[in-house]
Amino acid sequence: MSPQPAGPAAPVLEARGLVKRFGGVTALGGVGFRLHAGEVHAICGENGAGKSTLLKLLAGVHPRGSYQGELLVDGRPVAFRSTRDAERAGIAIVHQELALFDDMSVAENLFLADLPRRRLGRIDWEAVLQRARALLADVGIALDPSARVGDLGVGQRQLVEIARALARSPRVLVLDEPTAALARHEVDALLGLVRRLRDAGVACAYVSHKLDEVFAIADRITVLRDGVAQGTEAAGATDASQVIARMVGRPIQELYRRRRAARGAVRLRVRGLTVARAPGLPPLLHDVDLEVAAGEVLGIGGLMGAGRSELLLHLAGHFGRRLAGEVELDGQRLPGGDARAAARAGLAWVTEDRKRLGLVPGQGVAFNLTLASLARLRRGPLVDEVAELEAARRIVESLRIKAASLGAQVGSLSGGNQQKVVLGKALLTAPRVLLLDEPTRGIDVGAKLEVYQLVDRLAGAGCAIVMVSSELPELLGMADRIVMLGAGRVGGTFDRAEATPERLLGAAMRHAGVAA
Amino acid sequence: QRGGGAPQAAAGDARVVIGLSLDTLEEARWRADRDIFVARANGLGAEVVVLAANGDDTTQVGDVEKLLTRGIDVLVIVPHDGKAMAKAVRMAHDAGVPVIAYDRIVRDSPLDLYVSFDNVRVGELQARYLVDHLPTPGRGRIVRIYGARSDNNAALFKAGQDRVLAPYLERGDITVVHEDWAEEWKPENAKRIVNAAITASGPRFDAVLASNDGTAGGAVQALLEEGLAGRVLVTGQDAETVALQRIAAGTQAMTIYKPLGSLARGAAELAVKLARRSVVVAPRAVDNGATAVPSVLFDVVTVTRDNLLDTVVADGFATYDDVYRGIPEAARPPRPGT
Amino acid sequence: MRGRMTRELSMAVALLAIWGFFAWREPAFLSGRNLSLLSIELAITAILALGMFLVLLPGQIDLAAGSGVGLAGAVAAVLVYFHGMPAPVALALATAGAVAVWAGMGVLVAVERVPAFIITLGGLLVFRGLHWLVIDNQTVPIVEGGGTNAYALLTTGYLSPLAGWLLVAAACAAYTWSSLRRRARLLRHGFDADDAELAFLKPFVLTQGLALVALVANGFRGIPVALVILAAVAVLVHQLAAHTPFGRYLYATGGNEAAAAVSGVPVRATVIGAYASMGLVVALTGFMQTAYSGASTTTVGSLMELDAVAACVIGGTSLRGGRGTVPGVLFGALIMASLINGMTLMAVSPEAKYVARGLVLGLAVWLDLRIGGSRQGRGTAGVDGGEW
Amino acid sequence: MRGRMTRELSMAVALLAIWGFFAWREPAFLSGRNLSLLSIELAITAILALGMFLVLLPGQIDLAAGSGVGLAGAVAAVLVYFHGMPAPVALALATAGAVAVWAGMGVLVAVERVPAFIITLGGLLVFRGLHWLVIDNQTVPIVEGGGTNAYALLTTGYLSPLAGWLLVAAACAAYTWSSLRRRARLLRHGFDADDAELAFLKPFVLTQGLALVALVANGFRGIPVALVILAAVAVLVHQLAAHTPFGRYLYATGGNEAAAAVSGVPVRATVIGAYASMGLVVALTGFMQTAYSGASTTTVGSLMELDAVAACVIGGTSLRGGRGTVPGVLFGALIMASLINGMTLMAVSPEAKYVARGLVLGLAVWLDLRIGGSRQGRGTAGVDGGEW
Ligand SMILES: Nc1ncnc2c1ncn2[C@@H]1O[C@H](COP(=O)(O)OP(=O)(O)OP(=O)(O)O)[C@@H](O)[C@H]1O
Ligand SMILES: Nc1ncnc2c1ncn2[C@@H]1O[C@H](COP(=O)(O)OP(=O)(O)OP(=O)(O)O)[C@@H](O)[C@H]1O
Ligand SMILES: [Mg+2]
Ligand SMILES: [Mg+2]
């Protein structure tokens, strides 16, 4: 990164009266925005507020002419035809949805857009590897430049994505929820990196739903609601509750509210579970024991790569070969790798990866919501249209899903609303055991609150809930008991009473030495 | 099995190998050709290697290469395309192998021998029959169905037909109400064409001049559905079993029977002679653009309802039962020899 | 649903242009006779296209359809003509065979995960070979000379005027009743449905349309059996795709196979099912196409698979899977069939035929994109692009 | 790279099986003469397949390749034969035309976003029509009877033994030098590279292979010009795909088009570029194929596009784009070519030929999946499935 002198008073990047429509939806309704050199400017807002859209405009993802309003760089109006133009102007973006190439090496992903060449326009691979190694070191990411991106975990991929943005040593760095997939320590590393960049004179626009992060790093905060800017303030001059209030337009009291439900009979019992990705491969899960009772919420924490997702995936019958151990639901044994049996037994699973495993983006909201429950919505050989719409409407209303209509394409919903659709699909199957993997990843406080209330309601109704989360406050706030995983082993089980962040992290680390 | 390498000019009664490169085996007639030819050649103590090119010139060039690779003493070729196969002839001669063109001539090449029926004559016979058997001979309205636009023979048949029809067309005694090419010789295309003719200019025509039995079949199908079958005269060629049945049933007027037997047997005998490098007598000569090719041309026969028994059946080309299949005993002519 | 209206408009425009042109150059094009024959040719093209539609929905393809058509027709013909089987039995046997074979291909695609393009390309070659073997490269009639049977009637049968009218009446009544009933239910539960006007207009338009068909057809020989078969197949496929769980699974599998799988969609069974249905359709088309030319020859069916795919895509079906509608497919098939019929009527030379078909194909889809814009990518360049 | 070795193994097995079988049933298969001819046929198949590879990488397809081959050859033939143009000029003109037309199709696909399947299917029809028009359904020789010219030499030319040996030597030297140099540089910067043994083994094996080819070929008429052309094209395409930004853009676009677009890959230019290159290849193949049959006739090129796609997929190229290698494609082409050559040599009947080709096609890919497993997905069921 080429350090630049702290920027002059004039904003490096300024947006005036941006208006962006997608068919019927108005994503941005005349947003103004100023970004100065050497500042971190946070953008907060509910799901669908227009944050990503704004950033995409700044970074030239939506070409000129597809929106109204004007962009100025160093006070001079610009019109980006593509992200390339934006890059030439020194603007780089880290996307909310990962944009990497699984079959290519880390190094190649980093420099794809401008690969160094030798004579005859051939690529200078040595140079690519060297530059990659230099950059990763510089950014403080421990990754092998020649590793295949497809083999990395979610978090590591996110880091590659960020490094790629930095590869062009931008003057303006635009980050859209960069920490959504990161574990605590990785988040800290990232924030440190952003600070260093700011001090080097880079201007950062930063979108995140984690307010603690926002206040930890932002110099100024702009709040968006329904595509309209609700004003900009210095981070020092405001606090979380004010920001939240402006985001949702109503004050939100305490986030985690749990009515203790009487702990009923044990619903899900896992004993000595040992699972490998495939026969022959080393197990990802070792000898895992856990129990969930009706009306109980079991939190599962752990560091990135601990195998939490694999655990839930396996319980749902979608992943891995069971080498040992057994799983019982209401006393009935569940064989490994039989998703239909699990579903029939009343087990539902919500993925952490909604884009890949959660949704059929080209289809409507109702279609996606009812996909897993069609069997119960039949009328003779046909799907009962009315019953289907009824069911969909019920979910949309109870989860406050923001969509133009029940037929609106899910792909066009904002991240948070998409997440709600994925949740709703699981709920429609009237589960007795619900497995949630990062249920609040990348959704806003308002939505989070709704999810928590929903979890509470379900538990109250006697459903047994397993909730994987990377956010300790969430675990501490919602779970009755917490199991910490480390490198696929149970590092410790805690009652909410005895659980503290320190003890939890300690437990998560216990087997960390064993992790690759 | 013989190894590869160049063919040795087999002397005397040494076992000779004949390479037979066919344009296609997709039509029944060529299978007959092949079987008779092979049988006769084997009878004369020759081995025959047969390849068919599915009507594709490139494939056929490849086929010839393969035959030469295997090592043959004479090449008998049914060119899919008369001009294209000049290359095959050159290749064969480079390998010291004489070439006999079978049924279709190879143009612009130093061909050694040409054994065939006269295709232009086929067209002439079809047209001649049509002209003579119109309700009022020599006058009438007709539909013309040509073969595949991409097939040279189609052009030859057409040429023959034109030669006969020309004067009548000039005088306006015969008018062509509709004419079109049946892509790939497809019956369904022929049917479409006749349907189009009827749609465009009504069922007021006396004959359909179809170039082969396949297209004739399509035409008859259309006429059947129109209730015109039997009242409109339809020509054909190849004496396919189905066509013979149609003739027996009266829905098709005639077909051209090429006594394959004599052609194939004759060709086999000549091939063996040539392979053994012994004398061959070729009464006629046909100019192929390069030389006057010594030729043996066999005559073709017009088959109608009246001479079914004396021609195809007598020749053993088709059996009595096949031909009169589905026709009540009463309506059949007496079984020959009873 | 966006641009739905406009896309149907663009289709209609293309079709009208084509019909207008032919009617102008060759008035007979609009004669009852030609329209009846056109409807038979349409039936053959469209039925195969509807099958292809079911295979394209889950993101697969079937290149073997064409040679399958030839083979199915051939088997049936041989059974009838050489083994003297009663036509219905022969057809049933051939159909069973086709369904089994296609289901088999489905297994290879869904379970063994061999790309459908390869499996069906292999099928194309194998089935053509078998086809020629079965008929020994001869011409095998589907019925004793001049006679007729269930097989032949597929394309030569017509309903008596009375029967025709009764059928039309029944169809209209059924549609009106069900659509009004559906509307009532929707409204009762407080969902929005077509406003009253539209709700009554639709059945009315349909009735008019069918009446017109009956009128024209009866002016010639009556409603062709082939057309009735097409109608039945179309209704069936539409119900299947739009209103049964299986249909939903087809769309889901094509839209996002991974997500479908983890949502409990039996992805493999779905794909296999799609191919099995295709087998059924291939057999049916095979019989009709063979019946159309009156006999089974080596050329029957060749290249029909491409026409089928073309019809689907012209009709807005996505080759990536997950998108498409039955009316669209019918529209596409109608465009293709009209084109060939009209050009034959004008005795256009083969070369010109090829060029015209090619241009219209490209044009129709391009027009659709321009006017309907239904395939256009949202937002960023190529978000949903790169589609074949 | 996982299963890379095993997949290459599976290919080798398939190939050996085929060669072994033919050698056993027909010894002449291994004769120098046949192998030389095979190499010429291979060259034609493989070059087109390499072009198709460039189009498949970004997730597109080209069904017009076959009829394009016919058209290009025809245009050149007409220019030479009827307009007495010197062959080189004629070839140049035809090539320029092809490139322009294919680039045009590329624009329609990339900019207008018309599905490639449709555009190129349209192209298939249009070009066939034009092809027939150009040669007026006649046969147009590529050279005055018996003579020869640059055009004819494409498939009838052979290098003198000396020239052949020199070429081989040069090639080996170049490869050895560059590969050792690359290794040195890698090590110098402390990246891992092949260990010494392997590093010297590779050039050695290559040298042996080429020497063998030269030996066999010189045993007949010398190394065929066609084979040299193939080698050149293969090296070029490999360099292009693996070692130039354009090549990487091809992979990126095919791997994840949306991601490519937002990461600054000029997606449209890339796709257009791929098609333009395909135009070049189509022209070249057209000349060679036409030269092979000695004259342009209506049947030249038909169905070649399917063989090309098949070769690519057998060689492990993904029809979804983003995956594939040049050696794989060559392997696939070799399998196809050997198959046809051998069966013709054995005088297999056409039906049997179709069946065999179909079966082998399916089998090769299935075997590849089983042994190489390279297309199989990690993790949850069907997560990466549904590929054609
Ligand atoms: N490609 C698109 N097509 C149609 N509508 C879109 C598209 N992208 C965004 N929208 C709409 O624009 C609005 C803003 O979307 P955006 O992604 O900017 O919200 P966001 O603030 O990023 O939400 P989140 O925090 O969940 O990411 C939403 O209503 C969304 O439905
Ligand atoms: N695509 C992949 N290929 C190979 N290994 C993978 C892949 N994805 C994940 N893994 C490995 O599987 C293990 C678990 O991954 P994962 O990240 O899902 O765990 P996790 O506890 O769910 O963490 P998080 O959910 O926060 O990402 C880790 O060892 C990770 O490296
Ligand atoms: Mg967002
Ligand atoms: Mg996880």
Side-chain angles (χ1 to χ4, degrees), chain A residues 56 59-61 82-88 92-93 95 97-105 107-118 120-130 133 145-146 148 150-151 161 164-165 168 277-278 310 313 316-320 337 339 351 356-357, chain D residues 1-2 4 57 178 181-193 236 238-270 318 320-325 373-374 376-384:
Chain A
K56 285 182 182 159
V61 172
S82 69
T83 49
R84 288 205 139 200
D85 293 358
E87 277 160 21
R88 284 197 206 87
I93 181 168
H95 288 279
E97 315 294 355
L98 294 170
L100 295 172
F101 303 95
D102 288 357
D103 288 333
M104 294 183 180
S105 69
E108 189 169 0
N109 267 283
L110 289 178
F111 299 104
L112 184 62
D114 51 352
L115 290 157
R117 309 182 191 190
R118 310 218 311 270
L120 308 174
R122 295 182 67 232
I123 298 169
D124 183 344
W125 288 116
E126 294 76 16
V128 176
L129 285 169
Q130 268 178 313
R133 202 159 47 181
S146 53
R148 181 173 167 278
D151 298 335
E161 180 92 7
R164 181 172 67 179
R168 298 145 203 158
R277 181 174 299 280
E310 278 70 10
L313 272 167
H318 294 311
F319 170 87
T351 175
R356 195 161 134 276
L357 299 178
Chain D
M1 294 300 96
R2 177 164 145 288
R4 173 81 184 288
L57 271 189
S178 71
R181 193 152 145 295
R182 173 139 192 287
R183 177 157 178 283
R185 295 187 60 203
L186 271 174
L187 293 175
R188 185 151 18 90
H189 298 112
F191 297 104
D192 45 3
L236 212 79
H238 175 68
Q239 288 297 327
L240 192 69
H243 298 302
T244 68
F246 174 66
R248 306 319 291 167
Y249 293 163
L250 289 175
Y251 281 94
T253 308
N256 177 350
E257 181 166 3
V262 297
S263 20
V265 171
V267 170
R268 297 174 173 192
T270 305
S318 161
R320 281 285 170 91
R323 213 174 304 150
T325 66
S374 50
Q376 218 87 16
R378 269 194 322 279
T380 54
V383 161
D384 77 341

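Reminder, nothing fancy here: chain letters follow the sequence lines and each chain counts from 1.
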### Task
Could you give me the CA-CA distance, side-chain angles and deciding distance for D124(A) and R185(D), then say whether salt bridge (charged side-chain N to carboxylate O under 4.0 Å, His left out) is met?
CA-CA 11 Å; D124(A) 183 344; R185(D) 295 187 60 203; 3.5 Å; yes
### Query
Using non-hydrogen atoms only, which part of A260(D) is less than 4.5 Å away from chain A: side chain, backbone, both, or neither?
both
### chain A contact via Y251(D) - side chain, backbone, both or neither, heavy atoms under 4.5 Å
both
If you compare all heavy atoms of [X] against all heavy atoms of [Y], which two are closest, and at what distance to 0.1 Å?
X       : Y       : answer
L112(A) : A252(D) : CD2-CB, 3.6 Å
S263(D) : A113(A) : O-CB, 3.3 Å
G264(D) : R84(A)  : O-NE, 2.6 Å

### Query
So which part of R117(A) gets closer than 4.5 Å to some heavy atom of chain D, the side chain, the backbone, both or neither?
side chain
### Query
Considering only heavy atoms, which portion of R168(A) lies under 4.5 Å from any heavy atom of chain D: side chain, backbone, both, or neither?
side chain
### Query
Most heavy-atom pairs under 4.5 angstrom with chain A, which of R182(D), R248(D), Q239(D)?
R248(D)
## Note on the structure
Max heavy-atom pairs within cutoff under 4.5 Å with chain D, candidates T83(A), L120(A), D85(A), L129(A), goes to L129(A)
## Note on the structure
Residue from E108(A), E87(A), M104(A) scoring the most non-hydrogen pairs under 4.5 Å with chain D is E108(A)
